Amino acid sequence: MLATFVSSTPLLSESWRLCSQANATPFRTFVTERVGAAVYVAFSGVHMAGESDPNWRSLIPLDSIGGVPLFSSRRSKEGEEPVMVHAGMLNLFFSLFNSFQNQMLEIVGSKDTKSVVITGHSIGGATASLCTLWLLSYLQSISSSVSVLCITYGAPLLGNESFSQIIFKERWGGNFCHVVSKHDIMPRLLFAPITSLSTQLNSLLQFWHLSMTSPDMGKLANQISEKEKDKLFTAVVDYLETATQDGETSVPILFHPFGSYFFVSEEGAVCVDSSAAIIKMMHLTLATSSPASSIEDHLKYGDYVNKMSAQTLYQSNSMQKSIPDSSYEAGLELAIQSSGIANQESAITSAKECLKTTRRMGPSPTLNAASLALSLSKVVPYRAQIEWYKTWCEKQDDQMGYYDSFKSRNSSSSKRGMKVNINRCKLARFWNNVIDMLERGELPHDFDKRAKWVYTSHFYKLLVEPLDIAEYYGKGMHRTKGHYIQHGRERRYEIFDRWWKDETVTTGKEENKERSKFASLTQDSCFWARVEEARDWLNCVRSERDTNKLALLWDKIENFEKYAIDLIENKEVSSDVLFKNSSYSIWVEDLRELKQLKAKVQRFPHQFTGFLDGEVVP
C-alpha cells in the first residue's frame, strides 16, 4: 500500500529527474531546484568513494557532522558497539560538506521552504543519506518544522548495526526511502567480504560512472570479463544466502540497512522497513538474477520510475481473478507480484515468510498509548507522596529544604525518606519503560509531542531529578565517576529536556513569563548539580597555585553566581533554595568569605604569602 501511494506522487519522478541531471554534470557535486514549497537536492553518483581506500569495507566512528552532534539524546550503553559508517563515503561527504551546508542553511532559513527532498543515485545516494542525517540533527537542534525526506536509488550500504539501530531509535527511519531494483548488485555489494576483488570493483565503478554521464562513454571503461562478473555475483549471492540462514550456519554482517527499502521490479514495487526482512528480500530478489543483469540493472532506475504509475493500474487489474478472501493474504500476493519473483516457485514461499515477519504483532501503538495512560494513573500516587515529602521538608525547623534533607537522610531517620526513595525508583522504571516503548516503535509517532506526556514528563523531571542528584552526591558517586551532569545524569532526563524544548518553541509558552512568587519547583532540574560543582570550584580555589587555573575557576564561579541570581530574581527557583542551611545558601556564604579574603590578599599581599602560595587559610 505504501509503495503504491509513493508511486502515485511526483516524489520519485521529480527526484530521479534531478538525479539524472546531477549524474550528467559530474563536475557539480549536487544540484538544487525549488518546486513550490519543496526544495529538491540531488547528489551526483559519479564519485569513487572506495578507490582511495584499499579496504572497501572499512568503518569509521560517526558522532557529529559540521559541529552538530548526531544522536545527541542517545548515550551508548556500556559495551555497545559505537555508531560507524563507511570510511570512504564519509570522507567523500566531508569533501563537499561546506558548500552543501552553506546552501542548505539558506534554503531552510527561507520562510518559503516547507520541505526538503535530498536524493542521489549510486554513491550519490550514500552522500544524500549523510547530508540528510546532518540536516535532521540541525533542524532538531533549532526545533524547525521543515520536513525532510531522503530518496536514494541503488545506494550502497552505509553503516553498521548500531548506525541502523540508532536511526530507528531517533525515529528517523521514515525519513529515508531507499529505492532498490530487483537485480542491482550495488546495494548488496557491502554485505560480502569483497576486499580481494577491489580491482574488479574499481573497474565496475568506472563503467557505471561513465555510463551515468553518457551511455556512449561507458564503452570507454575497462570492461569486466564474464568470468569476473560471475565471480563477483556469486560471492555476493552466496554470502547473502549464508547470512540469512538461522543458527550456527549464519555469518556476521558488517553493514546493515536502515530506513525503508522500496524494492522495484517490472511488475511493481513493495516497501519493507524491517532490517532482517530487507536483507532476506535482498537475497531472494538477487538470486533470481544473473551476473550481467546485476550490473546492468544499476543503470535502469529511470525505466522503473517511468513505469511505476502505469504499473499500479496494471497490477490492480491483473489480480482480479486470484485475489484471496483474506485482505492480509491479498496484500501478500500483491507484494510478491510487485517484487518480481511471482514466477520463481522456489522463492515464493521464502518471500512470503519473510514479508510475514514484517507484520506488526501485539497491540497497536494507539492501544499501547491508551494502556500507558492507565499505567500512569497507577504511579501518580508515588509522585504525590514525593510532593508531600517536599512540603514536609520545607516546614522543618532545620531550614535545609527538599534537596539537602533527602541528601543527608540516614538509617536513623524516619521511614519517610526510605519510602520516598522507593517511589523515586518506581517512577524511574515507569519512565524508562515509556522511552523503551517509544524507541521500539510501540507508541504513536507523535507521542513525544502530545501535550499530556510532555507536561507530565517535565513535571516529573523537575520534581524527581533533584532527588537523583541528592542520591548521587550523598553516596559520593561524584568522587569516582565525576560530576552528575556529565557523568551521572540519566538518559531519560535528556530526552525530556528535548521534548520540553520542542513544546515551548512550538507553542511559544514560557516566553517572557513573569512570576509573582517563587516557583513550586526549581525550573532548572539540574540546579543542585550546578551548586555541587560550584562548591567543588570553591574548594579548588583554596588550594590552587596556578594563576591561570585560578582565573578559570573564578570565571566559572562568577558565571554560576550570575546564573543563580538571575533564577532567583525571576523567581524560577523553589523557596527552599534560599533556606538558611541549604547547600546554595552555604555556598553563597562561603563565596562571600572567600571574596573578602581575596580582597585582603590583593590589598596586603605580603601578609598573605601562604595564601598566594596555595596554602589553605583558615
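It should be emphasised that the depicted structure is a prediction, and the values quoted were computed from it without experimental measurement.
Contact check on Glu170 versus Arg498 returns a salt bridge, with a Lys/Arg side-chain nitrogen under 4.0 Å from an Asp/Glu carboxylate oxygen. Using a cutoff of 4.0 Å between basic side-chain nitrogens and carboxylate oxygens, Lys231 and Glu228 are not scored as salt-bridged. Look at Lys307 and Asp303 and you find no salt bridge, because none of the NZ, NE, NH1 or NH2 atoms lies under 4.0 Å from a carboxylate O. A salt bridge links Lys229 to Glu226: one of the charged nitrogens lies within less than 4.0 Å of a carboxylate oxygen. A salt bridge does not link Glu266 with Lys300: every distance from a Lys NZ or Arg NE/NH1/NH2 to an Asp or Glu carboxylate oxygen is 4.0 Å or more. One finds a salt bridge joining Glu33 and Arg17 here, because a Lys/Arg side-chain nitrogen approaches an Asp/Glu carboxylate oxygen to under 4.0 Å.
In this structure, the side chains of Leu157 and His256 stay at 4.5 Å or more apart for every pair of heavy atoms. With a 4.5 Å cut-off on side-chain heavy atoms, Leu372 and Met437 count as touching.
Thr29 OG1 to Phe43 CZ: the interatomic distance, rounded to the nearest 0.5 Å, is 7.0 Å. From His86, atom NE2 reaches atom CG of Leu190 across 5.0 Å, with rounding to the nearest 0.5 Å.
Taking the six-membered ring where the residue is Trp, Trp453 and Phe447 present tilted rings, their angle falling between 30° and 60°.
The one candidate from Tyr301, Tyr304, Phe30, Trp208 that meets the ring pair (Phe, Tyr, Trp, His ring centres under 6.0 Å) condition with His121 is Tyr301.
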- request: Evaluate the criterion ring pair (Phe, Tyr, Trp, His ring centres under 6.0 Å) for residue pair Phe258 and Phe163; output intermediate values, then yes/no.
  value: CA-CA 8 Å; Phe258 65 95; Phe163 177 73; 5.1 Å; yes
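Scored by the side-chain contact (heavy atoms from CB on, under 4.5 Å) test, Gln101 finds Phe97, Asn98, Leu105, Trp134 as partners (sequence neighbours excluded).
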